[in-house]
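Below is one structure; the comments refer to it alone.
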Number of protein chains: 2
Amino acid sequence: MALEHAILVSLLEQPGSGYELASRFDRSIGRFWTATHQQIYRVLRRMEADGWIAAEEVAQEGRPDKRVYSAAEPGRRALSAWLRAPVEPETVRHDLAVKIRGAAFDDPSGRAGLVAEVERHRAAHTALLHRYLAGERRDFPDPAALDAQQALQHVVLRGGIEYERMTVAWLDDVLATLHRLG
Amino acid sequence: MALEHAILVSLLEQPGSGYELASRFDRSIGRFWTATHQQIYRVLRRMEADGWIAAEEVAQEGRPDKRVYSAAEPGRRALSAWLRAPVEPETVRHDLAVKIRGAAFDDPSGRAGLVAEVERHRAAHTALLHRYLAGERRDFPDPAALDAQQALQHVVLRGGIEYERMTVAWLDDVLATLHRLG
DNA sequence: TCCTGCTATGCAACTTGTTGCATAGCAACT
DNA sequence: AGTTGCTATGCAACAAGTTGCATAGCAGGA
């Protein structure tokens with residue numbers, strides 16, 4: 001499984017608590033790996049038991065204490081071993097595409113509902129695209145002056161940007177097709 | 001869950017056995033929904049018990065008998081209800097993106113391995129793109145003369161094609177970035 | 001002749017991922 | 001004073017997905 005590895009990479013980039021990791025997964029990392037806070041907490045405990053990461057209790061004022069994790073050497077070695085092993089092609093679960101093909105077997109009112117649904121997704125993807133673009137301007141203002149870590153983060157972000165662009169264009173194609181069908 | 005719905009759509013387009021469904025999921029449907037034969041057989045039995053689909057035993061020569069399923073009316077109604085409910089944005093599990101960001105924390109030999117891995121994925125995506133394009137030429141030679149079902153299948157296929165094009169271009173970007181990093 | 005591979009289905013065990021709920025203090029708004 | 005919302009973590013139960021193995025007949029090549 002690779003949630004462990006995604007967490008390791010995130011902790012190597014920046015130590016953090018389970019809660020902080022969960023919000024990172026909701027934002028940037030969520031683009032290529034989704035996880036709920038439950039999953040993250042469970043895997044964090046296992047990783048700590050395996051010695052892959054180390055935890056430090058941090059007391060806070062006005063809010064509960066937190067456990068800040070950072071990657072330990074065995075974890076870094078495990079990541080390195082995983083990097084050398086081939087991985088499978090990405091898996092996708094694209095409900096909307098299933099719906100689009102399914103719309104052929106529904107009546108016209110179902111098709112009208114689908115238009116609204118596609119428009120909703122289009123708005124969400126457009127918003128995400130703009131968030132990525134804003135993040136790019138903020139974090140990578142000078143693409144010529146990046147170290148290795150930043151350059152790799154940037155190329156992954158560019159992947160997200162291109163994915164969102166392509167998706168918005170495709171959803172426009174879907175809307176045009178649905179429009180032609182009446 | 002939506003595997004049920006993906007199966008319903010596939011059976012509405014064309015009745016088939018569990019084995020046939022599994023190979024469809026390995027080919028066209030696998031683009032937006034992956035499933036192993038185990039999952040498919042298990043869900044088919046549940047769907048049959050729920051009356052969503054009907055099975056017919058078909059004897060064959062030279063090979064085992066098969067159970068050919070087709071969508072029943074309650075299944076079509078369940079699909080229709082699902083089409084009217086909003087769905088979540090697609091979820092992605094993109095190991096390769098995790099690896100790319102993880103490569104910042106590995107030594108140069110790990111980075112060399114990553115180049116090979118990216119090239120492997122690039123070849124796979126290129127092959128898939130060409131398969132999709134060949135399928136498009138075969139199944140949709142005249143895009144102006146399609147019924148609703150075909151038009152919807154075609155627009156989903158175009159989504160797959162654009163996704164593969166975008167991915168190949170992005171992997172080239174990744175390779176160029178890795179090359180620049182030495 | 002043996003081995004591989006394809007069609008065709010399935011059990012059992014295991015790992016992952018999801019959902020609902022619970023706690024708890026504080027801030028900000030109503 | 002009450003409600004909502006954020007930080008912060010977690011249990012328990014359930015649903016979904018994966019992996020390894022098994023069966024079985026036939027085709028085709030080494």
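Side chains included, hydrogens not; waters and symmetry mates left out as well; all remaining heavy atoms used. Every chain is numbered from 1 and lettered A, B, ... according to where its sequence line falls, protein lines coming before strand lines.
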Any salt bridge between [X] and [Y], counting N to O under 4.0 Å?
X: B:Arg158; Y: B:Glu162; answer: no
X: B:Lys99; Y: B:Glu117; answer: yes
X: A:Glu4; Y: A:Arg46; answer: yes
X: B:Arg122; Y: B:Glu119; answer: no

Checklist entry - In Å and rounded to the nearest 0.5 Å, what is the CE to CD1 distance from B:Met47 to B:Ile40? => result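 Taking CE in B:Met47 and CD1 in B:Ile40, the distance rounds to 11.0 Å.
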
Ignoring backbone atoms, establish whether [X] has a side-chain N or O less than 4.0 Å from OP1 or OP2 of [N].
X: B:Ser17; N: C:dT7; result: no
X: B:Gln39; N: D:dA16; result: no
X: B:Tyr41; N: C:dG10; result: no

Compute whether any side-chain donor of one residue and acceptor of the other, for [X] and [Y], lie under 3.5 angstrom apart.
X: B:Tyr69; Y: B:Arg67; result: yes
X: B:Glu13; Y: B:Gln153; result: yes
X: B:Ser28; Y: B:Arg24; result: no

Once you round it to whole Å, what is the distance between [atom2] of [N] and [atom1] of [X]?
X: B:Asp26; N: C:dC6; atom1: CG; atom2: P; value: 12 Å
X: A:Trp33; N: C:dT16; atom1: CH2; atom2: P; value: 11 Å
X: A:Tyr69; N: D:dA8; atom1: OH; atom2: P; value: 13 Å
X: B:Glu4; N: D:dA16; atom1: CD; atom2: P; value: 7 Å
X: B:Leu21; N: C:dA8; atom1: CG; atom2: P; value: 12 Å
X: A:Tyr19; N: C:dG25; atom1: OH; atom2: P; value: 17 Å
X: A:His37; N: D:dG10; atom1: NE2; atom2: C1'; value: 7 Å
X: B:Glu20; N: C:dT7; atom1: CD; atom2: P; value: 10 Å

Checklist outcome for this item: Nearest-nucleotide check on DNA chain D, A:Arg93 vs A:Arg67; residue mapping nearer the 5' end is A:Arg67

Checklist entry - Which comes earlier along DNA chain C counting from the 5' end, the contact point of B:Arg42 or that of B:Gly18, where each point is its nearest nucleotide? => result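 Counting from the 5' end, the first nearest nucleotide belongs to B:Gly18.
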
Checklist entry - Closer to the 5' end of DNA chain C via nearest nucleotide, is it B:Thr91 or B:Val68? => result B:Val68

Item to check | Helix axis bend for the helix from C:dT1-D:dA30 to C:dT30-D:dA1 - C1'-based end axes, five pairs, 10° rounding | outcome: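 For the helix from C:dT1-D:dA30 to C:dT30-D:dA1, the axes at either end differ by 30°.
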
Next on the checklist: For B:Phe32, does the six-membered ring have the charged nitrogen or CZ of A:Arg93 within the cation-pi criterion, i.e. under 6.0 angstrom from the centroid and within 45° of the normal?
Outcome noted: no

Next on the checklist: The side chain of A:Leu3 is closest to which nucleotide in this list: D:dA8, C:dG17, C:dT9?
Outcome noted: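 Nearest to the side-chain atoms of A:Leu3, counting from C-beta on, is C:dG17.
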
Item to check | Minimum-distance nucleotide to A:Thr36 side chain [options: C:dT19, C:dA12, D:dT7] | outcome: C:dT19

Item to check | Stretch residues 44-54 of chain A: residues that reach within less than 4.0 Å of DNA chain C through a heavy atom | outcome: A:Arg46

Check: residues 131-146 of chain A side-chain donor-acceptor pairs under 3.5 Å, at least two apart:
residue  : atom : partner  : partner atom : Å
A:Glu136 : OE2  : A:His154 : NE2          : 2.8
A:Asp142 : OD1  : A:Ala144 : N            : 3.2

Checklist entry - Side-chain donor or acceptor of B:Gln38 under 3.5 Å from a matching atom on the base of D:dG17? => result no

